[in-house]
Every structure is written in C-alpha cells, then in structure tokens.
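Notes follow the structure.
Numbers here simply count residues along the sequence, with the first being 1.
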Amino acid sequence: MSDRSSEELIDLQIDPDIRAKIATAAQVALDSPAPLVMDIVDRGTVILAARTLKVIEKVGPVDSVYVYGGNFHSQVYCNFFIQHLHGLRVNL
C-alpha cells in the first residue's frame with residue numbers, strides 16, 4: 001500500500017458522511033445480492049443474533065425483539081437475522 005493509499009483510507013474514516021456512504025453501498029448490494037454479499041450478511045447476522053440472544057439471556061425472557069436501522073429494511077438482511085433468532089418475533 002502506498003503512502004497515498006494509506007492517507008486516503010485515513011481520510012475516508014474521518015469523513016463525516018462515511019456512514020451514509022456505507023449505508024448507500026449496503027442498500028445497493030442488498031437489492032440484488034451476489035453470493036459474496038449473502039455470505040457477508042449471513043456471517044454478520046449470526047454475530048448480531050448471538051449478541052441479541054446474549055442480551056435477552058441477561059434481561060430475561062422475551063417473545064419479540066424490536067430492531068431499527070437501514071439494513072433491517074432489506075428483506076434479505078431481516079430474514080437472515082430472524083433465522084438466527086430461533087423463533088423470536090422481530091418488529092421493525
């Protein structure tokens with residue numbers, strides 16, 4: 001990696017609009033997901049669901065989980081997340 005590439009990466013990380021740019025890219029990727037995107041979504045939702053279940057374990061039994069955020073507006077993403085929650089109801 002050249003010094004210029006390193007500087008560009010650092011600049012990208014401090015860009016105040018980086019979250020919006022990532023969200024836009026994620027939305028496009030989820031609209032017609034390639035196999036790599038599906039793999040990333042599956043791996044990410046496994047981690048998120050495991051963390052969610054760990055919180056539920058600490059706070060007590062619940063029958064549903066409320067979620068928010070752009071990725072949950074994607075049916076693909078939401079379906080993977082729900083699959084890893086083992087029967088809990090998910091409300092957007």
Side-chain angles (χ1 to χ4, degrees):
M1 180 181 287
S2 71
D3 288 337
R4 183 166 186 252
S5 295
S6 299
E7 290 173 7
E8 289 173 348
L9 182 57
I10 291 168
D11 288 345
L12 182 63
Q13 292 176 359
I14 61 173
D15 181 342
D17 297 325
I18 188 64
R19 291 181 71 168
K21 290 175 182 175
I22 290 172
T24 300
Q27 182 178 15
V28 170
L30 288 168
D31 283 345
S32 56
L36 177 60
V37 171
M38 297 296 282
D39 186 48
I40 292 168
V41 168
D42 188 37
R43 290 173 189 238
T45 55
V46 163
I47 294 166
L48 181 58
R51 290 178 179 176
T52 302
L53 293 170
K54 190 61 127 174
V55 169
I56 291 169
E57 183 181 300
K58 298 281 185 189
V59 300
V62 298
D63 63 351
S64 63
V65 175
Y66 289 83
V67 297
Y68 70 95
N71 283 346
F72 287 107
H73 292 286
S74 163
Q75 197 61 49
V76 170
Y77 186 90
C78 204
N79 285 345
F80 271 87
F81 181 66
I82 291 168
Q83 172 188 341
H84 299 303
L85 285 180
H86 311 296
L88 283 173
R89 185 174 46 235
V90 174
N91 302 298
L92 185 60

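- The two residues Leu30 and Val76 have their closest heavy-atom pair at O-CG2, 4.2 Å.
- Residues Ile40 and Val46 fall into different hydrophobic clusters, defined by Ile, Leu, Val, Met, Phe, Trp and Tyr side chains chained together at heavy-atom separations under 4.5 Å.
- Annotation: side-chain hydrogen bond (donor to acceptor under 3.5 Å, both in side chains) contacts involving residues 49-58, sequence neighbours excluded, are absent.
- To the nearest 0.5 angstrom, Asn71 atom CG is 10.5 Å from Ile22 atom CD1.
- Looking at residues two or more places apart in sequence or on another chain, you find no side-chain hydrogen bond (donor to acceptor under 3.5 Å, both in side chains) involving Asp31.
- Minimum heavy-atom separation, Val37 to Ala29: CG1-O, 3.8 Å.
- Interatomic distance, OH of Tyr68 versus NE2 of His73, reported as 11.5 Å (0.5 Å rounding).
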Inset, instruction - Test Thr45 against Gln83 for side-chain contact (heavy atoms from CB on, under 4.5 Å), laying out the working first. - result: CA-CA 9 Å; Thr45 55; Gln83 172 188 341; over 6 Å; no
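- The side-chain contact (heavy atoms from CB on, under 4.5 Å) check on Val67 picks up Val65, Phe72, Phe81, Val90, Leu92, with sequence neighbours excluded.
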Inset, instruction - Report the C-alpha distance between Arg43 and Val41 in whole Å, list the side-chain angles of each, state the deciding distance to 0.1 Å, and finish with yes or no for side-chain contact (heavy atoms from CB on, under 4.5 Å). - result: CA-CA 6 Å; Arg43 290 173 189 238; Val41 168; over 6 Å; no
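- Without hydrogens or angle criteria, Asp42 side chain to Met38 main chain gives no donor-acceptor distance under 3.5 Å.
- Put simply, the side chain of Tyr77 reaches to within 4.5 Å of the side chain of Leu48, judged on heavy atoms.
- Heavy atoms only, all atoms of each residue included: Leu88 and Ile56 are closest at CD1-CD1, 3.3 Å.
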